[in-house]
There are 2 protein chains.
Amino acid sequence: MTEIKPDSSEPPRLGGATQIDVARRAGVSTATVSRVLNGSPLVSRASREKVEAAIRELAYMPHEAARSLATRRSRTLGAVIPTLTNAIFAAGVNAFEDEARRRGHALFIAVSNYDPVQEGFLIRQMVERGVDGLLLVGNDRGAEGLEMLVSSGLRCACAWAYDEAAPLANIGFDNAAAMAPLVDHLVASGRRRVAILAGVLAGNDRARARLDGTVARLADHGLAPVAVAETLYSIRRAKEAARALLEVGPDAVVCGNDVIALGALAAARAAGLGVPDDVAITGVDDLPISAEMDPPLTTVRIPAEEMGRRAAAELIAAIKEDRPVSSIRLGTRLVVRRSSWRKPGAS
Amino acid sequence: MTEIKPDSSEPPRLGGATQIDVARRAGVSTATVSRVLNGSPLVSRASREKVEAAIRELAYMPHEAARSLATRRSRTLGAVIPTLTNAIFAAGVNAFEDEARRRGHALFIAVSNYDPVQEGFLIRQMVERGVDGLLLVGNDRGAEGLEMLVSSGLRCACAWAYDEAAPLANIGFDNAAAMAPLVDHLVASGRRRVAILAGVLAGNDRARARLDGTVARLADHGLAPVAVAETLYSIRRAKEAARALLEVGPDAVVCGNDVIALGALAAARAAGLGVPDDVAITGVDDLPISAEMDPPLTTVRIPAEEMGRRAAAELIAAIKEDRPVSSIRLGTRLVVRRSSWRKPGAS
DNA sequence: CGCGCCTTTGTCTGCGCTTTCATTCGAGTG
DNA sequence: CACTCGAATGAAAGCGCAGACAAAGGCGCG
């Protein structure tokens, strides 16, 4: 006959106390506790202090799920990205998380492995989890998933791209335009036999835009690529793809990103080709390692950190102000390093 | 006088329907809907099909927060890690997420920037968010945070370390022991003037264990490090630190991880030192890029992917089976590449 | 034809919190 | 001194779902 006195019973474990326990201990109602928790000004100093003391003594922790249910807000952001194993995505997400956290939001993360079907599935999960805002990569997704997103009213930002015609807000840069200064630089330094080693093109508007942008700019110079190949995003796979590509005898290889370029660099070295003397190699991203390679890699700098940070800030601002997410256009910058140098005038 | 008929009113927007709407439309009770949703066998084929049709027609999405509140389970895991900008953590988290997702769990992620205070704060947030299990890195955290974790009853796995005496379950490897084969290899190939370039030691048991393990193994060979330095985890900072360290004239530099080693490689190149002829350089992690450097980097392979995967599997298994998390010891492997080669017998 | 049993279904409570609305109390005002 | 107004507080109604429990229906059996 062990009877539990409801008033004196301590919560079974730390963090197991509820608002009711706190209210009882502080001698107030749960409404007042809630007000203290949410920083409402309609609480007297005395009540506030009593509640705060009770919270401390009971090691009370608010239950976010209950709060979400009651407020219909989760203070949570989601990010669905192709992978974390590419440093440029990791950097963007890292900044996104940091900024979201500073602004009081937690982050759900999900990795699609570049699979559009999987991505749609994950987006749906994010909606079910009740995220307040969602970070996606690029604009390449099916109409049905898009429809769900739009009609669900979920705030959404698509990063790593900037397209006026995009159906959702873009916070990123123009992938095609980013390639122009790079092509100009190669052509100006005498490269004529340009090969392109693109990333996976299917379901990846960024990779296609980079390829298209490169081809278009070459055309502006009256040139066409001497070869175009596609590769998965890993150094090893890119190295293999580059080996074949180099047999065409290009004097420049424009790679879809730095990871691919790193693979191409390795392939050139293995083939006994001099970089940049025999062949120039360029990437896109400007990873930290790219500057420290031998030779250092010419690339196009992507503002991944700023992109992540601003996406989080914009999403949260849009949520707070109850307005649609605005697009933000960021710039890229050509970073010329030794992997593409050549003495002027040489052919 | 626009009156809304409660029965015919469609949900305002896609995904806005609740179980009640579905139940009404299917002509059953919410309990039956709930049963269908959770795959209960106590539902007739007919009911199930009606409910499934209604779900489709209404584009109904379950509300996870409500479910969490009712079940006291969130089907969510959390991960608090130092950073995502190191590829080895990104790889581990990537695998952790993948495995968690396969097993029906979403992932909260938070980055502590190697700050123990911040880490404690983030762990607390994870508890509030109601994660079912938590992935942490290493064992170096204060007693108060530890107490909160233990008494909150949250399942927790500390990765990237394996220590019999650890207060929480470890799913990882012995950082000190991992260094022994590397030191043996260096000494066996004639290196005697070994310098150590460690990562940040404060609040980082992994970095300390690697340093201690290296020093201890050197001592076993009757040697002591000719210099020891500490650096932040970035290629650039490591390059700077290595520049100073190389002035001591070591014939080997054992680095705390591959990122640091990449910096050291760059420093050696800048200093005109030959690797491995003048100085051997080694890392820990075995990043994809490490094998493709020139020279390829000798390193200790960390099973980051397996670690992430098994941590997720073990956490979820422990939750399902309502038992404590078990520790799992993983192995590391010395990977000898050219950055440490030397013809046998040479000094 | 009536009984009990098993399968299927519905009703209803509660998870922990926010928030509306009503109430109380005290101070200020005519 | 009665009255109004504002500040502070509490009572209570959900938020959407799961699950305990009760009830209803169908079946075979005697």
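For the numbers below, each heavy atom of this structure counts, side chains included, while hydrogens, waters and symmetry mates do not. Protein chains get the first letters and strands the later ones, always in sequence-line order, with residue 1 at the start of each.
- Residue R67(A) contributes atom CZ, which lies 18 Å from atom P of dG16(D) at whole-angstrom precision.
- Between S47(B) and dT9(C) there is a side-chain polar atom (N or O) within less than 4.0 angstrom of OP1 or OP2.
- Comparing atom distances between the V43(B) side chain and each of dG16(D), dT9(C), dG16(C) picks out dT9(C) as nearest.
- Distances shorter than 4.0 Å separate some side-chain N or O of S29(A) from OP1 or OP2 on dG10(D).
- What separates CD of E49(A) from P of dT9(D) is a distance of 12 Å, to the nearest Å.
- F89(A) and W160(A) have tilted rings, their planes meeting at an angle from 30° to 60° on a 0 to 90° scale.
- Between N139(A) and N170(A), the side chains place a donor N or O and an acceptor N or O closer than 3.5 Å (distance only, hydrogens not considered).
- The base of dG16(C) is not paired with the side chain of R72(B) by any donor and acceptor separated by under 3.5 Å.
- Across all strands shown, V33(A) has no heavy atoms under 4.0 Å from either base or sugar-phosphate atoms.
- Residue R129(B) contributes atom CZ, which lies 18 Å from atom P of dG16(C) at whole-angstrom precision.
- Where the helix from dC1(C)-dG30(D) to dG30(C)-dC1(D) starts and where it ends, the local axes point in directions that differ by 50°; five pairs per end, rounded to 10°.
- For R45(B), the CZ atom counts as loosely surrounded, since its 6.0 Å shell holds 12 or fewer non-hydrogen atoms of other residues, nucleotides or ligands.
- Using a cutoff of 4.0 Å between basic side-chain nitrogens and carboxylate oxygens, E305(A) and R310(A) are not scored as salt-bridged.
- Look at CZ on R75(B): it is 8 Å from P on dA18(D), rounded to the nearest Å.
- Ranking dG16(C), dG16(D), dT18(C) by closeness to the H63(B) side chain, first place goes to dG16(D).
- Residue G130(A) is out of contact with every strand shown, counting any heavy-atom pair closer than 4.0 Å.
- Remark: E52(B) CD to L37(B) CG distance equals 9.5 Å, nearest 0.5 Å.
- Residue T18(B) has no polar side-chain atom (N or O) positioned under 4.0 Å from OP1 or OP2 of dG16(D).
- A salt bridge links D98(B) and R309(B); the closest N-O separation between the charged side-chain nitrogens and carboxylate oxygens is under 4.0 Å.
- Contact check, T32(A) against dG10(D): a side-chain N or O comes under 4.0 Å of OP1 or OP2.
- The CD1 atom of I20(A) sits 14 Å away from the P atom of dG10(D) (whole-angstrom rounding).
- Residues S44(B) and A70(B) each lie close to DNA chain C; by heavy-atom proximity, the contact nearer the 5' end of the strand is made by S44(B).
- Separating the CZ atom of R35(B) from the C1' atom of dG16(D) is a distance of 17 Å, rounded to the nearest angstrom.
- Side-chain N/O atoms of T71(B) include none lying less than 4.0 angstrom from OP1 or OP2 on dC17(D).
- Tested against D132(B) for a side-chain contact (heavy atoms from CB on, under 4.5 Å), the candidates R155(B), H105(B), R72(B), K320(B) yield a single pass: H105(B).
- In this structure the side chain of V28(A) reaches within 4.5 angstrom of the side chain of K50(A), judged on heavy atoms.
- Of the two residues contacting DNA chain D, namely T30(A) and A46(A), the nearest-nucleotide position lying further toward the 5' end is that of A46(A).
- Look at CG on L42(A): it is 15 Å from C1' on dT24(C), rounded to the nearest Å.
- Residue L69(B) contributes atom CG, which lies 12 Å from atom P of dC17(D) at whole-angstrom precision.
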